[in-house]
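Take a look at the structure set out below.
What you see below is based on every heavy atom in this structure, not just the backbone, and it leaves out hydrogens, waters and symmetry mates. Residue numbers begin at 1 in each chain, while the letters A, B, ... track the order of the sequences.
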Number of protein chains: 2
Amino acid sequence: MASYKDKKVITIGVVSELTGLSERKIRYYEERKLLAPERSKGGTRKYSFQDVERLVDIANKMEDGMQTFEIRKMEQRELKNKQLRERMLRGQINAAFNMRK
Amino acid sequence: MASYKDKKVITIGVVSELTGLSERKIRYYEERKLLAPERSKGGTRKYSFQDVERLVDIANKMEDGMQTFEIRKMEQRELKNKQLRERMLRGQINAAFNMRK
DNA sequence: CGTGTAAGGAATTCTGACACG
DNA sequence: CGTGTAAGGAATTCTGACACG
């Protein structure tokens, strides 16, 4: 499950280049709880490719005029829906398995 | 083809943590042409996860008493063999395809 | 609210060299 | 040959604040 995509290894300067967002914006979105980078011992932020993708998504939503708290809520909803779909899928698989008994 | 694994985005400090190798060693292996990180505008090195894997492999070979130039040659041989296998595979696929005509 | 910026300091990285073996 | 280390400087990042709107 945890692959390269989820490893927090990228510094903010590189994230800024990859996303085209200013460091200021990236730090601000963290302040608004839209992402959670890790920290080195010295305190420098480390991001994952997953975070980079999330930032691109956030940038799109900001362009659409959404506010940070709306984006946060939307992401929470999406996460819950995803978990729900997975639970239902597992349920169907279990049901199909039990029918064979 | 080019995925997260090949993106040069990791600084040497993180690579050092991920591999357990000293920064000195990592820079030295570059000097011996065993890997080729990219550079930021300011000159700081950027590595990929592919490079991290390569470094772990290099570390194992160094432990086995191999010298850097031997490792370099071995990797070149492996690369050529890999390319050869791919060429042969393509050749077989083409042959099978032509038989149908 | 979201973002730019100047400020001062701390963490990170760089190179070239000397040392040892 | 492979690696540690001290040295000095440069690039990178951090925080808290002020500004604007």
Scan nucleotides 3-7 of chain D against the protein and return all N/O pairs shorter than 3.5 Å with their distances rounded to 0.1 Å.
| unit_1 | atom_1 | unit_2 | atom_2 | d |
| --- | --- | --- | --- | --- |
| D/dT3 | OP1 | B/Y29 | OH | 3.3 |
| D/dT3 | OP2 | B/Y29 | OH | 2.9 |
| D/dT3 | O4 | B/R24 | NH2 | 3.1 |
| D/dG4 | OP2 | B/S22 | OG | 2.7 |
| D/dG4 | N7 | B/R24 | NE | 3.2 |
| D/dG4 | O6 | B/R24 | NH2 | 3.1 |
| D/dT5 | O4 | B/R24 | NE | 3.3 |

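In B/K7, the NZ atom is not crowded: 12 or fewer heavy atoms of neighbouring residues, nucleotides or ligands sit closer than 6.0 Å.
For A/R39, the side-chain atoms get nearest to D/dC14 when compared with the rest of C/dC14, C/dG2, D/dC14.
At whole-Å resolution of the value, CD1 in A/I71 and C1' in C/dG2 are 11 Å apart. Atom CD1 of B/I10 and atom C1' of C/dT12 are 16 Å apart (whole Å). Atom CE in B/M66 sits about 16 Å away from atom C1' in D/dG2, given to the nearest Å. Between the P atom of C/dG2 and the CG atom of A/L21 lies a distance of 14 Å, rounded to the nearest Å. The CD-P distance, from B/E38 to C/dT13, rounds to 17 Å in whole Å. Separating the CZ atom of B/R27 from the P atom of C/dT13 is a distance of 8 Å, rounded to the nearest angstrom.
Inter-residue side-chain proximity for B/M62 and B/Y29 is flagged as met; some heavy-atom pair is nearer than 4.5 Å.
OP1 and OP2 of C/dT13 both lie 4.0 Å or more from every side-chain N or O belonging to B/R45. When the side-chain nitrogen and oxygen atoms of A/R32 are compared with OP1 and OP2 of C/dG2, one or more of them lie within a distance under 4.0 Å. A sub-4.0 Å separation between OP1 or OP2 of D/dT12 and a side-chain N or O of A/T44 is absent.
Taken to the nearest 0.5 Å, the CD1 atom of B/I26 stands 5.5 Å off from the CG atom of B/L55.
Here the rule is salt bridge (charged side-chain N to carboxylate O under 4.0 Å, His left out) with B/R27, and of B/E30, B/E31, B/E23 only B/E23 fits it.
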Could you check B/R72 against B/L34 for side chain to side chain contact (heavy atoms under 4.5 Å, CB included), going step by step and ending with a plain yes or no?
CA-CA 6 Å; B/R72 191 181 336 125; B/L34 292 180; 3.6 Å; yes

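Comparing A/F69 and A/S40 by the nucleotide of DNA chain C that holds the closest heavy atom to each, the one mapping nearer the 5' end is A/F69.
With a cut-off of 3.5 Å on both Watson-Crick or G-U wobble distances, the partner of D/dC20 is given as C/dG2. For D/dA10, the paired base is C/dT12 (Watson-Crick or G-U wobble, both distances below 3.5 Å).
Between the B/D57 side chain and the B/R54 main chain, no donor and acceptor come within less than 3.5 Å of each other.
Aromatic ring centres of A/Y4 and B/F49 lie closer together than 6.0 Å.
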